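Sequence positions, counted from 1, serve as the residue numbers for this chain. Being a predicted model, the structure only gives us computed values, none of them experimental. Hydrogens, waters and symmetry mates are skipped; everything else that's a heavy atom, side chains included, is used.
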Amino acid sequence: MQDFLEGFLDANKAVNGFVWGPVMLVVLVGTGVYLSVRTGFFQVRRFGFAMRNTIGRVLTRRSRQADSENISGFQAVSTALASTVGTGNVVGVATAISLGGPGAVFWMWISAFFGMMTKYGEIVLALKYREVNAEGRYVGGPMYYIANGLKQPWLAYLFAIFATLATFGIGNMTQANSIAGAVESSFGVDRLITGIVLVVLTAVVILGGIKSIARVTEKLVPFMAVFFIAMSIVLLVLNASELIPSLVLIVEAAFNPSSALGGAAGYTIANAIRMGIARGVFSNEAGLGSAPIAHAAANTREPVEQGLWGIFEVFVDTIVICTMTALVIVTTGVWRSEHEGPALTIAAFNHGLPGTAGGMALTVGLAMFAYSTILGWSYYGEKSLEFLFRRTSQVKTAIWIYRVVFVAAVLAGSVGSLKVVWDIADTLNGLMAIPNLIGVLLLSGVVIRETKSYLQRHAAGEIED
């Protein structure tokens, strides 16, 4: 048995090295580059248009109108952001800087710039090829545009299997473990107690389905984002004199680490690129195929209109929130310390504040991020499982069993040691990207046609601004 386990873990390590290795990272970013070129760099030319047609619609309530069965466009993006904005924005950024130096942040920006178009394309396809299930609700995502657009059901089922399994790791147990560990470290609360509270909070929300999840995330996501940004701004103001030098250091270290970092050992351009892109993709999930599952549930009629939220989503997640984390770490200078991962971020947020106030505030922010991720990924797993059982009479039973097991996994994650689970789930998360990117690339012509059609009709006044 021991030999089998060791062999399994070795095989998982090999697969993980591929799905998060240089080849796949090039494909992930390359998909965004391809869509950017094909659309004439839509994310640049139409950035103002995208912001106006997302933020503006929230303010005018247009995108906040849900119907009796489906959720609103804003609720869809809130659910997607809930799963996207998580520990990757706090721990992932720290890891990137620890292993790749400050220059990794620059490459994180690059991955986000092109990732905007990857996620835009995913969402457009998700709405284009979505279906209405037996309950009268929209369902969609990579499994549907691969099955209905590419006509390759076997590949669609493969994605759904990977997605369902991955939800228990990266979307559940590792998030719960992060919350329990942070609360224990900052407030001395036993992990079991935190786990029980999390189980109750999670069960109350996810057992009510997407409408319940959306109602919580549309309130939680804006609050947690503002809370974290405000906390970061306070620290950046305290270290304002280091802000410009830190930005210069990030750019210089991206291209010449040894010179910019004074000959610091271990930092290379290749490592900065790899860690920046890998952690950027891990944070904003562009190319993984997860967020389109939530966006497909929106009552928005225009695929491009909902796709604009994808540009906004990556911008908020990586360009805003990840950058805030990175600048706090770099301006405080703690990136040069021996700290790694979450300890590095906590040390940065404690810098310049009395006692451990910064670390405690960060724990609250991390708890909100991770909890929202649990809610978002529960929906992804449920919809992936629904796709797998959609041709059978057992679909409702399968979903309820999934919900119960998912809630139980929250408690297991809170009290357990999860290195093996994290490694396996990380691999499954990366494997999701393979069938998804095949679908996005081969259906890219559909994305281009939908974009041109929308812009022409908008220019002609057929679509309200």
Side-chain angles (χ1 to χ4, degrees), residues 31-32 34-36 38-40 42-43 45-47 49-54 56-58 62-67 69-81 115-133 137-151 156 159 210 214 285-315 383 387 436-437 439-460 462-465:
T31 301
Y34 178 72
L35 288 173
S36 296
R38 287 289 307 274
T39 59
F42 184 83
Q43 73 272 49
R45 294 188 301 107
R46 297 286 179 167
F47 183 77
F49 177 79
M51 296 302 104
R52 186 172 67 251
N53 281 269
T54 50
R57 287 190 174 107
V58 173
R62 175 175 172 180
S63 70
R64 305 188 73 160
Q65 300 301 313
D67 57 35
E69 300 297 336
N70 299 294
I71 61 176
S72 69
F74 179 68
Q75 287 176 327
V77 76
S78 294
T79 303
L81 269 173
M116 290 180 189
M117 287 310 300
T118 304
K119 185 162 284 192
Y120 167 82
E122 291 174 317
I123 296 170
V124 169
L125 292 173
L127 268 75
K128 175 70 175 176
Y129 292 106
R130 65 185 176 182
E131 298 178 0
V132 177
N133 66 11
R137 294 176 179 173
Y138 287 129
V139 288
M143 52 280 200
Y144 288 91
Y145 56 73
I146 292 171
N148 299 334
L150 279 188
K151 309 296 183 182
F159 173 88
I210 183 58
E285 298 179 14
L288 300 189
S290 49
I293 300 174
H295 285 279
N299 65 352
T300 309
R301 294 183 178 180
E302 293 286 347
V304 169
E305 197 169 280
Q306 192 66 27
L308 295 174
W309 281 109
I311 296 175
F312 174 81
E313 188 179 306
V314 175
F315 178 79
K383 292 297 108 176
F387 178 83
N436 177 57
L437 291 175
V440 173
L441 286 169
L442 295 181
L443 292 171
S444 59
V446 177
V447 177
I448 307 305
R449 288 194 298 272
E450 288 291 322
T451 303
K452 289 181 178 178
S453 172
Y454 179 87
L455 293 178
Q456 289 170 355
R457 286 181 290 123
H458 182 273
E462 298 175 20
I463 299 174
E464 179 187 352
D465 192 1

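Within the 4.5 Å cutoff, the side chain of Tyr145 has no heavy atoms near those of the Leu442 side chain. Side-chain contact between Val132 and Val139 is absent, with no heavy-atom pair separated by less than 4.5 Å. The closest side-chain heavy-atom distance from Glu313 to Met116 is not below 4.5 Å.
Under the side-chain hydrogen bond (donor to acceptor under 3.5 Å, both in side chains) criterion, Thr451 pairs with Tyr120, sequence neighbours left out. In this structure Tyr144 satisfies the side-chain hydrogen bond (donor to acceptor under 3.5 Å, both in side chains) test with no other residue, sequence neighbours excluded. For Glu131, the side-chain hydrogen bond (donor to acceptor under 3.5 Å, both in side chains) partners at least two apart in sequence or on another chain are Asn148, Arg390. For the side-chain contact (heavy atoms from CB on, under 4.5 Å) test, residues two or more places apart in sequence or in another chain that qualify with Ser444 are Tyr34, Leu35, Arg38.
Between the side chain of Gln43 and the main chain of Ser36, no donor-acceptor pair closer than 3.5 Å is present. Not a single donor-acceptor pair under 3.5 Å links the side chain of Arg130 to the backbone N or O of Tyr138.
Within the structure, salt bridge (Lys or Arg N to Asp or Glu O under 4.0 Å) pairs that include any residue of residues 442-459 comprise Lys128-Glu450, Glu302-Arg457 (at least two apart or interchain).
Ile123 contributes atom CD1, which lies 10.5 Å from atom OG1 of Thr300 (distance to the nearest 0.5 angstrom). Put simply, NZ on Lys119 and OG1 on Thr31 are 14.0 Å apart, with the number rounded to the nearest 0.5 Å.
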